[in-house]
Structure formats: structure tokens, C-alpha cells
Amino acid sequence: MDYSKLKVAQLKEELKKRGAPLRGKKAELMERLIAYVNNNNFDVNVSLDLVLPEFDLPQDEKFKDINANSTLPKITRLHIDLYTNRFEKKDDMGEAMYKNQFLEFVRYCKRDDTFFFKGVVHAQMYKKVTYNVHLKIANDATIEATHCECAAGEGGSAHCKHVIVVLLGIEQMVREGDIILSQACTQKLQTFHQPKKKYQGTPLKAACLKSVYRCNHIQFDPRPPKYRGKNTKERLHNLCASFHSNMPFKHLLVPANPYGVELDHTYSKMNPKNKFLQYMLLRNVTQEDIVKIEIETRGQSNNPLWFAHRKIRITASHFKDCCMVKNERLPNYLP
């Protein structure tokens, strides 16, 4: 018989009759089938029905992916613990594998009052290797039969870590309407722009870096020279600085010096900083001001002025932090 003419589904069907593994590509399946035929099935004459007498699996076409709208048995963590306790087995390894996205997919099929689940779980040591897991769960969430392709999961009452992974996925789907599956490369966020190692060197100051590009040589007026006016650069700076937007052009402007306002305006009786503090009632607060603030901020969380005063003052709830804060944590409290 020329096995090269058989399709992948036909090759798997022949291997299933001989109790052979079904993993691999077509070339591997064909090579495995020829080996089983030439060696008389390695003196093993079994089929899936004999290995799993508890299973009467529906056809693969009837299985469909589970989602939040699927009607599933109300399985809980208690049902899983009761099943694993029969074999005196802890599900710590299976839970860790499930959280680390070893589950590829889970499909289900309902027939009468019985649910059949089919899942694919990656091997722990070799993630390219996968195992097919079959579950049979009653409508009352009783786990009737389980099977896995791994060496520890043969038979109708498998309790290996791959079975636990599928059970945990079904339990989370019932409880939260979500499931943790392994992500494809197109589903993951890009990481090529992130450094592989954390930079441990001394930070460089931007002012010390050699810059070939200088902002002083930029022509800000796109009009022809004969139409250009005076002070075009200053007018453009004022226009962009007054415009409430994060336009890229603003990165070319030199940041303002907040201390320059106080040092330049020396002709007034009170410098701008103290004048602002007095206007915000942050210094020289009189008893009348205290009574006025108390009346205006009544209602607390239902009063917008209460939040406005809390932003600019040291309240009683933060006074202890201000007194007990350590020097190394002081920058975290400063704006």
C-alpha cells in the first residue's frame, strides 16, 4: 500500500487503530505508520475504543471552541480537588503550567447530558511537543473520565498535569468567562525596541553631547525672503507657546526659568512667589480665612472646593507622613 497518497487525517486514523502516537507532520506520521506495519504493530493490538472504554467520542467536526457564551457544566475548584484527591495528587504543577500559558486551545461538544472536552497542552520541558487531552464531564460537573497522550495519562482515569491544565481552563471559563491560552507570535507585544540588558552606566548630560543640529539655523518663515518680516521667530515662538497642544515644534523651545520671574521683577513690593502664596491663602492665614474655608468645604467629598484645598495644603491625614518621612524617600513626596 502506498501510504504517501493518504491524507493527514487518514494517516492519523490508521495510527489510532494501532495505538500509535498521533503527533508530528505528515512525513513523521507516514514513517511511524510504516514502522508499525512492518513490525506487526510492535506486538500491540489495541485501538482507541479498547484503550478508552469510558469514551464514546463524538466526531471532531462536532467540537467547537469554548467562549463566555458557551453552555458548560458548572465545574468548580472543589470538583477538581475531589478528583485529584482520589489519586493523592496535588495540582500545583498543573496550575503553574496553566498560568504560564501552556494551554493551546479547548473545544467541547455536548451530547445528551454529557460534555466532551478536547484540549491541546504543551509539554513542560519541550514546549514544541503537544499532548491531546480528552475529558468526559457530566452535566452536574462530575468528572467521569479523562485521558491524555502522555505516558502518565493513559487510560480512562488520567490525572497528569496536562489534564489539570485543561480542567483549570474550563473552571476559569465557567467562573470568569475567560481562559488563559498560549499566544501566537502575532498576539504578543513588540519587544525588539526594548533593551535586553538594563543600562548600568553613568547617565550622560544632554548639554555635554555634541550636537550637529542647532536650532539657531532653522528658518521659521517659509515665505520667500522678500516677504519675510521682522521678529518672525519670536512671533512663532509666542504663538506655539500660547497654544494648548503637544505639538512637536514645542520641543525646540527652551524651557522657561521659573526663578527668573522672581529675580527679574524686583520693582514690586512683593515678589510674585509670595504674592501667589498669599492669593492662595497659603501663608499668613487669618482666623477669618479659616472660618471661611471651613464653611466653603463642608460636605467634603461631595464638594469640589474640598478637593481643591487638599491639593495645595498639608492635611491631617498627610501630616504624619511629612513628619516621619526619611531623607531617601523625600523625592517621592516632592512634585
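- Heavy-atom contacts from other residues, nucleotides or ligands closer than 6.0 Å to CG of Asp113 number 12 or fewer.
- Closest approach of Ala138 and Glu144 over heavy atoms only: CB-OE2, 3.3 Å.
- Note that CG of Leu82 is 8.0 Å distant from OG1 of Thr76, once rounded to the nearest 0.5 Å.
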Exercise. Begin with the C-alpha distance, continue with both residues' side-chain angles, and end with the deciding distance and a verdict on salt bridge (charged side-chain N to carboxylate O under 4.0 Å, His left out) for Glu288 and Lys292.
Key: CA-CA 6 Å; Glu288 291 78 8; Lys292 182 180 178 182; over 6 Å; no
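- Side-chain contact between Met97 and His162: present, with at least one pair of heavy atoms (C-beta onward) separated by less than 4.5 Å.
- In plain terms, the two heavy atoms of Leu72 and Met173 that are nearest each other are CD1-CG, 3.8 Å.
- Under the 4.5 Å side-chain contact rule for hydrophobic residues, Ile293 and Trp306 do not share a cluster.
- With a 4.5 Å cut-off on side-chain heavy atoms, Phe105 and Ser182 do not count as touching.
- Distance check, rounded to the nearest 0.5 Å: OG1 of Thr84 to CD1 of Ile80 gives 8.0 Å.
- Within the 4.5 Å cutoff, side-chain heavy atoms of Ile179 are placed close to those of Val106.
- In this pair, His159 and Phe87 present their aromatic rings parallel. The plane angle is below 30°, not in the 30 to 60° band.
- Judged purely by distance below 3.5 Å, without hydrogens or angles, the side chains of Tyr83 and Thr146 pair a donor atom with an acceptor atom.
- Follow the hydrophobic side-chain contacts under 4.5 Å out from Val120 and you never reach Val129; the two are in separate clusters.
- Taking Arg175 as the reference, Glu171 meet the side chain to side chain donor-acceptor pair (under 3.5 Å) condition, with sequence neighbours excluded.
- One distance of note links NZ of Lys62 with NZ of Lys110; it measures 14.5 Å at 0.5 Å rounding.
- With hydrogens and angles ignored, the 3.5 Å screen pairs a side-chain donor or acceptor of Tyr98 with a backbone N or O of Ile180.
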Practice problem: With side-chain contact (heavy atoms from CB on, under 4.5 Å) as the test, would you mind laying out the steps for Glu104 and Thr130 before giving the verdict? | Solution: CA-CA 9 Å; Glu104 187 168 335; Thr130 57; 3.8 Å; yes
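- For the atom pair SG of Cys150 and CD of Gln124, the computed distance is 11.5 Å after rounding to the nearest 0.5 Å.
- The backbone N or O of Val285 sits nowhere less than 3.5 Å from a side-chain atom of Asp289 that would complete a donor-acceptor pair.
- The aromatic rings of Phe115 and Phe117 lie parallel to each other, with less than 30° between the two planes, well short of the 60° mark.
- Expressed to the nearest 0.5 Å, how far CG of Leu135 lies from CD1 of Ile75 amounts to 8.0 Å.
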Exercise. May I have the step-by-step check of side-chain contact (heavy atoms from CB on, under 4.5 Å) for Ile137 and His79, ending in yes or no?
Key: CA-CA 11 Å; Ile137 303 178; His79 294 89; over 6 Å; no
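- Phe116 has its side chain within reach of Phe63: a pair of non-hydrogen atoms, C-beta onward, lies under 4.5 Å apart.
- The shortest distance between side-chain heavy atoms of Glu14 and Leu29 does not fall below 4.5 Å.
- At least one donor-acceptor pair closer than 3.5 Å links the side chain of Asn85 to the backbone N or O of Asp81.
- Heavy atoms of other residues, nucleotides or ligands lying less than 6.0 angstrom from NZ of Lys99 number 12 at most.
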Self-check item: Stepwise ring-ring contact (aromatic ring centres under 6.0 Å, His included) test for His122 and Phe102
Solution: CA-CA 5 Å; His122 293 274; Phe102 276 75; 7.1 Å; no
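- Between Arg86 and Ile143, the shortest heavy-atom distance links the atoms NH1-O, 4.4 Å.
- Neither side chain, Thr114 nor Asp112, offers a donor N or O lying under 3.5 Å from an acceptor on the other.
- Only one option out of Lys12, Lys118, Arg107 pairs with Asp60 in a salt bridge (charged side-chain N to carboxylate O under 4.0 Å, His left out); it is Lys118.
- Considering every non-hydrogen atom in both Cys148 and Val133, the closest pair reads SG-CG2, 3.9 Å.
- Closest of all the heavy-atom pairs between Gly119 and Val166 is CA-CG2, 4.4 Å.
- Note that the CG atom of Leu22 and the CD atom of Glu13 stand 9.0 Å from one another [nearest 0.5 Å].
- The minimum heavy-atom distance linking Asn139 with Pro73 is given by the pair O-CB, 4.1 Å.
- Looking at Leu11 and Lys26, their side chains come closer than 4.5 Å, going by heavy atoms from C-beta outward.
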